Amino acid sequence: MRVITGTARGRRLRTLDGNDVRPTTDRVKEAVFSVIQFEIEGRRILDLFAGSGQMGIEALSRGASEAVFVDSSAQSIAVVRENLRACGLNGAAVVIQGDALSYLAPRAGRRDFDYAFLDPPYGRGILQSALPAVASVVKPGGAIICESPADETLPESIGDFVIYRHYRYGRIKVTFYHVPHGDESSDGGDDE
């Protein structure tokens, strides 16, 4: 796993070993950032269920103003901090060890973030539980980007946010939510 481009381009990122950890592949990460590459500079990012922190780190490397990393695992948080130090991105990062919903609850309605990345453990209903809370902290001009198993059904809308794109990469699906403008229609493209 590496940082694809930006100030930390080419830096290798550490991940945890084990069955509970499933880092986003470079292929999927590259696809996500190709969709939002011109929108990320100066934006505030939420990397929820951060794992190694690679999505938020990629955003910071590409010019995001700040990234908040949240994960319940002390080991994951240690890896996020290590990766931020290795990439020289500590100054623009806030790292929080804690439950995602506990972090989001007091922030509901504030709309503090431009983009939120969600990649929780699969098959536990965590993504569906977190989505409404995430929708309450992301600005209407931003996006919520979720990674899930390809066969998992996600809600078409969450609050004002609706699915506008989704892509499949083998057994992985990436879903983009945003608040539509006017007569905009959904682009539910499937790539493989």
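Nothing here was measured: the structure is a model prediction, and the numbers come from that model. The basis for the numbers below is simple: all heavy atoms, side chains too, and nothing from hydrogens, waters or symmetry mates.
Among residues two or more places apart in sequence or in another chain, the side chain to side chain donor-acceptor pair (under 3.5 Å) test is passed with R107 by Y103. Shown here are the side chain to side chain donor-acceptor pair (under 3.5 Å) partners of Y115, two or more places apart in sequence or in another chain: E39. A search for salt bridge (charged side-chain N to carboxylate O under 4.0 Å, His left out) contacts involving R11 returns nothing, not counting sequence neighbours. Under the rule for a salt bridge (charged side-chain N to carboxylate O under 4.0 Å, His left out), the partners of K29 that lie at least two apart in sequence or sit in another chain are D26, E58. For E82, the salt bridge (charged side-chain N to carboxylate O under 4.0 Å, His left out) test picks out R14, with sequence neighbours left out. Residues forming a side chain to side chain donor-acceptor pair (under 3.5 Å) with S102 (at least two apart in sequence, or on another chain): D99. Residues satisfying the salt bridge (charged side-chain N to carboxylate O under 4.0 Å, His left out) test with D112, not counting sequence neighbours, are R110. Remark: E30 pairs with no residue by the side chain to side chain donor-acceptor pair (under 3.5 Å) rule, at least two apart or across chains.
The hydrophobic cluster containing V95, built from Ile/Leu/Val/Met/Phe/Trp/Tyr side-chain heavy atoms closer than 4.5 Å, also comprises M1, V3, L13, I57, L60, F69, I77, V80, L84, L89. Think of I4 as one node in a network of Ile, Leu, Val, Met, Phe, Trp and Tyr side chains linked at under 4.5 Å; it has no links at all. Clustering of Ile, Leu, Val, Met, Phe, Trp and Tyr by side-chain heavy atoms under 4.5 Å joins F38 with none of the others.
No side-chain heavy atom of Y164 sits under 4.5 Å from any side-chain heavy atom of P180.
A ring-ring contact (aromatic ring centres under 6.0 Å, His included) with F117 holds for exactly one of F176, Y177, F33; it is F33.
Applying the side chain to side chain donor-acceptor pair (under 3.5 Å) test to every pair with at least one member in residues 44-53, sequence neighbours left out, gives these pairs: R44-E66.
Counting only distance, with no hydrogens or angles, the side chain of R12 and the backbone of R2 share no donor-acceptor pair below 3.5 Å.
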